[in-house]
Amino acid sequence: MKKFVAALTLLFLIPAFLTGCWNRKELNDILIVQAVGVDKNQSGQFKLTFQVLKPKVLKNPTNLPSSSQQKGVWCFSSTGKSVFDAIRNATLSCDKKLFFSHNKIIVISEKVAHQGIENVLDIFLRYHEFRPDAYFIVTSDDIEKFLDATVPIESIPAKELENVIKNYFANAKTFPVRLYEFQKMSNTKSKTAVVPFVTTKSPLKQSSQTQMFYVEKMAVFSNYKLVGYLTHEQMRGLLWAAGKIKSGIYPVKLGKDLFSLELIQNSSTIDVKRKDGKAFFTLQIITETNLGEKHSNSYISSSLVEKIKKDLSKSIRNDIQKALKKSFELNCDILHLGDIYYSSYKKPLKFDKNSISVSIVVKPFIRRFGMMKE
Amino acid sequence: MKKSSASNSITSSYAQNIQNIRDEFGNFSDLIIREFKIGSSNIRAFLVMIDGLVDKVVINEHILKPLMRDISIYKKDQSTCEEVYTLIKENILYSHCITEEKDWAKIVHCILCGDVALFIDGIDRCLLISVRGWESRGIEEPNTEVVVRGPREGFTENLRTNTALIRRKIRDPKLKIESIKIGKISKTDIAICYIESIAKKELVDEVKRRLEKIDMEYILESGYIESFIEDGKYSIFPTVGNSEKPDVVVGKLMEGRVAILVDGTPFALTVPYLFVEAFQTSEDYYSRPYYYSIVRLLRYFSFFVATTLPALYIAVTTFHQELLPTSLLISIASAQAGIPFPSFAETLTMLVIYEILKEAGVRLPRPVGQAISIVGALVIGEAAVSAGLIGAPMVVTVAFTAISTFMIPAISDAATIIRFACVFMSAICGLYGIMLILILMLIHLCSLKSFRVNYLAPIAPMVVYDLKDVFVRLPWRILKKRPIILNKNF
């Protein structure tokens, strides 16, 4: 018995010397941050905007998110000399401490992005409460307005924004980037990364109150600095090269006839060969599609199918060429060709239009023609 | 018991014997001394019995009637008392069980047990006739272990009935039922049942040794015995099993266990008792194995839920909010908004209320019992949530915990204690505290033994051969060989 008591005492004493969970905080004592926006004000100080939950409003799901009173979130901003300082300065005005572990979105203003964000992102990766799997986006809108937007469906705008940028798998025109992915991409040889550029727009012309998020284009970062933008077509080309296309629609125009092809399954491989100081990249794409739409009276004959396939390969090639062209234009290796080259030859690639040639082979295949015979 | 030591054997004097009986019992209101003359002779005799413990019809028809009337048929002439005594013993009494006894103390005990003692003038012995017959409950379906499929009979308070129930299932002379008496005053009959070739001799001896060591004045329930023979004296886990069903007990006997039946108790004890037995029910073995294997896994899960779920709730909502998916956190946070208590106080309140409700519900007379469910469900559940005193997720958590506890009735009390310990520790240091309690529990379980068998066997130490009936129940054609764990450690 004595031994037992001694063991028990020891057991309860040991935890006192171990690190454990000491920071007990009730749910009622924290503000759950859903989105953070980073901007700089006139005097060069960091201005952070937080979108935090209002649990009391969310309690009653019948409350419509339309009026600002009933919104499940509220936004406020704080300024500070550094990002962390601004975060802590938030407690000067709000009643509880901010809790960042459920932060979904980090929004960077275009202005800050142009100046470089390496140091801005540091705290998001360093501080233990932040999750590196938050989505990272850039906007040209005013950050406060952007985060405070009243969205039509979700009562939490961050949630809706997250869903919108995650929709890439259906359109293959954008790509959601998490913070750690951004960091990973920026730390490659090519030091480039792309990030969705999101703006708000009205759902319909006449409606004024609610706003929708719109992934307008992709922002290109080179060495943590915003250098330019990719259009949807260029982004699609980039996704082809990266093998990240899930599904999407390709309209093919043959004379007056219009066909929409739905991408079903895609695979792409990229190889590099060196010859005479020049790098020859071969991008091979195999894509399986379904015919989804047809504006034509002609029968689907095998010759027509061949024509469609030919045109489809042409437009895919076109997209990739556009992305490549933009890449040379911005003088940054957004296709990460340098990394592929490096992994084969252990040498940096000279990123120059003349020393790089990319040949693209597309093997399209049409699997099904839909539920109608013609 | 004034004179018992003075006259520890009976005399041949009729008057003296009567006097001795009177002295021994004093003025028992339920003592009957029936004096009569045997047949038409002049030999006097008397019967001593306790009213209520004996079968009156048997005494009237089969003892008094032959002794007083039919005995003349055999009587040729005037005989000596000795001859009459022999005649009575050998020819007259129809009873199935007659013993001759001289020892005064034994006679007194047998009378108190419900035998009839026949004293004949001039004979210094007495005949004890077994006519035990008292009002007792019939064999009913047990309340504690209800089954859908399987025998519906349960033990009764009558020891003989209980041994008969066991005997009826094993018709083999190897089934031994040994009897001892425990309790200095109550002198309760205890039966030790085992199957000679299956149960290890060391185990049987150990059981007997422990039973003999019991020094108690009275035994009212098998629980008294249990607390004296169990291994973990301070453990919250039971190391002696109990069952109300003969089929369950026979199953355990067939695995090599020893059963202890106590007179006046419809619960038979079985030893050794292992942790995994708490997760087995008789129906696992009677039904087809597939579904009940899943159910058995669910029982293990339920044990985990019953011990840790409220603690996990506290830990996650006050320490590790980042562990929850965001949408779940939002639901909990919105339910928690405006609740005036920290979640620890909230949990503790709900758990205590639940324990109160449960205990009140068990003891209440049945017609009043409905009030409990109304008060419990409506007032505590609905009203407390709508009044903003308790969050709805908390009610769900406690309800789920409570129901999970019912999945494992055998160790539900241990689970409840661990649950409270977990709740306290998680309020202090979160998941870390829960882990501490669970580790403590595991260490304790590993150190426990039940009659020299490791309590956690066959899981720890791992006995692969016996695992076929631990987490799942394999079909009988695989299971038909006996588990080896009970034989191994001796």
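Proteins come first, then strands; the chains are lettered A, B, ... in the order of their sequence lines, and each starts at number 1. Just so it is clear, the model here is predicted, and its values are computed rather than measured.
Taken from OG in A/S155 to CD1 in B/I330, the straight-line distance is 7.5 Å, to the nearest 0.5 Å. For the atom pair B/T318 OG1 and A/I30 CD1, the distance stands at 10.0 Å (nearest 0.5 Å). To the nearest 0.5 Å, the span separating CD on A/E162 from OG1 on B/T326 amounts to 7.5 Å. The line from CD1 of B/I332 to CG of A/L27 is 7.0 Å long, rounded to the nearest 0.5 Å. Once rounded to the nearest 0.5 Å, the distance linking CD of B/Q321 with NZ of A/K25 reads 5.0 Å.
Annotation: B/E382, atom CD; neighbour count of heavy atoms from other residues, nucleotides and ligands within 6.0 Å does not exceed 12. Within a 6.0 Å radius of CE in B/M216, more than 12 heavy atoms belonging to other residues, nucleotides or ligands are found. Atom NZ of A/K184 has 12 or fewer neighbouring heavy atoms from other residues, nucleotides or ligands inside a 6.0 Å radius. Counting non-hydrogen atoms of other residues, nucleotides and ligands closer than 6.0 Å to CZ of A/F4 gives a total of 12 or fewer. Annotation: A/R126, atom CZ; neighbour count of heavy atoms from other residues, nucleotides and ligands within 6.0 Å does not exceed 12. Enclosure of atom NZ in B/K213 is not indicated, since only 12 or fewer non-hydrogen atoms of other residues, nucleotides or ligands lie within 6.0 angstrom.
For chain B, no part of A/K159 is nearby; none of its heavy atoms comes within less than 4.5 Å. Contact annotation for B/A427: only backbone heavy atoms (N, CA, C, O) come within less than 4.5 Å of a heavy atom of chain A. Only the side chain of A/F99 comes within contact range of chain B, with at least one heavy atom under 4.5 Å from a heavy atom of that chain. At a 4.5 Å heavy-atom cutoff, the contact between B/L323 and chain A is made by backbone atoms alone. Using a 4.5 Å cut-off between heavy atoms, A/E129 does not touch chain B at all.
Interface check for chain B: of the options A/H102, A/Q34, A/K104, the most heavy-atom pairs under 4.5 Å are formed by A/H102.
Heavy atoms only, all atoms of each residue included: A/N28 and B/A337 are closest at OD1-CA, 3.6 Å. Nearest heavy atom pair, residue A/E26 against residue B/S343, reads OE1-N, 2.9 Å.
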